[in-house]
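Notes for the one structure printed next.
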Amino acid sequence: MKIAVIPGDGIGNEIIVQGKKVLETVAHKYNFDFEYEDVLLGGSALDRKGTPLPKETVEICKSSEAVLLGAVGGPKWDKLPSNLRPEAGLLGIRKALGVFANLRPAILFPELISSSNLKAEVLGGGLNIMIVRELIGGAYFGEKNTIDIKGGQKAWDTISYSSFEIDRIARKSFEIARKRNKRLTLVDKANVLESSKLWRKVVEKIAAEYEDVEVNYMYVDNAAMQLIRDPKQFDVILTENMFGDILSDEASMLTGSLGMLPSASVRGDSFGLYEPVHGSAPDIAGQDKANPIGTIMSVAMMLKYSFNMEIPAENIKDAISKVLKGGYRTLDIAVEGAKTVGTEEMGNLIIKNI
Ligand code: NAD
């Protein structure tokens with residue numbers, strides 16, 4: 001089984017090492033073999049190959065069963081035109097691989113309740129929300145431009161979705177909801193946006209085929225508030241690209257830290273692109289401070305979704321739970337009295353518990 005590995009930039013390099021170590025440990029324990037191929041993306045690709053998305057990166061990813069990605073970006077490349085920025089590589093690889101559904105579970109380990117910004121009674125002993133974000137359409141990919149006009153400039157980005165794009169991700173979300181608590185919330189802005197009205201129309205139609213799933217519709221501004229007021233009301237949240245980007249970062253704070261959240265970007269088959277939700281965190285890069293758990297949880301998602309290996313995936317989650325129970329914390333989730341550890345040691349502790 002071939003896995004393309006993209007460390008990327010900043011803390012991407014540190015967390016990927018830990019993710020790979022965990023993969024190797026479960027491979028050894030459960031007797032299977034992974035073949036890895038490291039590829040460049042983002043700022044590091046730009047520096048070495050002159051483009052944030054080299055052709056061979058796309059080819060190697062396409063010929064792999066799964067891709068494990070760290071993060072890209074950093075201040076060094078911030079002033080470049082959009083097509084050369086590291087983020088162009090990230091958006092480009094997602095598009096090239098056709099991974100239209102980004103699954104972002106926001107899971108609060110009971111051990112981290114005190115790290116969450118919300119009161120324990122609002123969190124009710126834990127949290128498990130699945131945010132399904134459309135990944136290769138909407139404002140990030142729509143027609144955009146900046147032009148000079150009299151006395152200044154004008155810029156626009158277009159949110160455009162076809163019923164086909166909505167249909168395929170809505171079906172995926174209903175299937176996911178069916179295997180969970182059978183509740184789905186479509187988050188949109190159908191009171192003002194045409195694209196949102198289409199999302200509602202398509203989802204309402206598909207809902208008739210999934211009568212066992214309870215559906216409700218919520219405007220994105222209300223959803224942002226409800227996530228803080230009463231996050232336990234949510235099971236599966238389905239939403240378009242930009243709303244999903246923002247809401248999943250918000251949800252991350254319910255779980256203690258952005259560093260805890262994994263994601264899987266999938267299409268209809270077993271292929272997937274797995275990456276933590278956070279970025280390259282230039283403020284802590286190279287200091288052994290990054291939390292590797294989001295990446296290690298992404299590895300668990302890879303085992304489950306691409307390789308159908310539920311038991312090793314559960315083994316990883318249990319190991320993380322044990323380490324947290326033991327009081328070990330990276331800085332971002334540290335509380336008073338915690339045993340603070342660095343990126344490397346957190347990886348080692350998880351491995352020891354697998
Ligand atoms: P960020 O997610 O990199 O960091 C936000 C904050 O969270 C920072 O304070 C950072 O230190 C902290 N943080 C993030 N991950 C952490 C971890 N694993 N452990 C501990 N703390 C962690 O977001 P940003 O600062 O807005 O962006 C930095 C760069 O990353 C930018 O260039 C941005 O474009 C890029 N970015 C990349 C991705 C991606 O590769 N998927 C996603 C978001 C942002």
Side-chain angles (χ1 to χ4, degrees), residues 5-19 22 39-47 52-53 57 67-95 97 99 102-104 112 115 117 131 133 135-136 140 241-242 244-253 255-265 273-299 320 324 328-335 338 340-347 350:
V5 181
I6 308 177
D9 310 315
I11 60 166
N13 296 288
E14 299 161 65
I15 52 175
I16 280 292
V17 172
Q18 306 311 316
V22 167
V39 282
L40 293 168
L41 186 83
S44 52
L46 183 72
D47 288 353
L53 181 60
T57 294
V67 179
L68 181 63
L69 168 64
V72 301
K76 181 178 171 193
W77 306 285
D78 272 353
K79 297 260 162 5
L80 293 172
S82 324
N83 64 326
L84 288 180
R85 285 186 54 138
E87 293 78 4
L90 185 66
L91 297 184
I93 193 74
R94 289 169 175 167
K95 187 90 178 174
L97 298 173
V99 285
N102 185 219
L103 318 184
R104 297 187 158 197
L112 287 189
S115 299
N117 283 13
I131 299 181
R133 165 190 171 196
L135 200 60
I136 55 176
Y140 299 174
N241 201 344
M242 183 164 60
D245 193 5
I246 298 167
L247 290 182
S248 55
D249 267 32
E250 185 189 355
S252 77
M253 278 325 289
T255 71
S257 161
L258 196 53
M260 294 295 298
L261 288 197
S263 84
S265 304
L273 167 72
Y274 301 86
E275 55 178 318
V277 165
H278 61 77
S280 59
D283 52 334
I284 56 167
Q287 300 170 41
D288 194 40
K289 283 184 182 162
N291 183 347
I293 295 179
T295 308
I296 294 171
M297 289 283 286
S298 303
V299 164
I320 294 171
L324 296 174
Y328 297 99
R329 301 280 189 277
T330 42
L331 268 179
D332 56 314
I333 47 172
V335 284
T340 311
V341 296
T343 312
E344 170 103 38
E345 195 180 346
M346 179 54 91
I350 293 168

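For the numbers below, each heavy atom of this structure counts, side chains included, while hydrogens, waters and symmetry mates do not. Just so we're clear, the structure is a prediction, and the values are computed from it rather than from any experiment. Start at 1 and go down the list; that is how both ligands and their atoms are numbered.
Between the side chain of Glu14 and the backbone N or O of Gly286, at least one donor-acceptor pair lies under 3.5 Å. Checking side-chain atoms of Ser248 against main-chain N and O of Gly244 turns up a donor-acceptor pair under 3.5 Å. Proximity of a side-chain donor or acceptor of Asp9 to a complementary backbone N or O of Gly43 within less than 3.5 Å is detected. Put simply, the side chain of Thr343 gets close to the backbone of Ala290: a donor and an acceptor are under 3.5 Å apart.
With sequence neighbours left out, Asp47 forms a side-chain hydrogen bond (donor to acceptor under 3.5 Å, both in side chains) with Lys76, Trp77.
Sorted by chain and number, the heavy-atom contacts of ligand 1 below 4.0 Å come from Ile11, Ala71, Val72, Gly73, Gly74, Glu87, Leu90, Leu258, Gly259, Glu275, His278, Gly279, Ser280, Ala281, Pro282, Asp283, Ile284, Ala290, Asn291, Asp332.
Within the 4.5 Å cutoff, the side chain of Gln18 has no heavy atoms near those of the Thr295 side chain.
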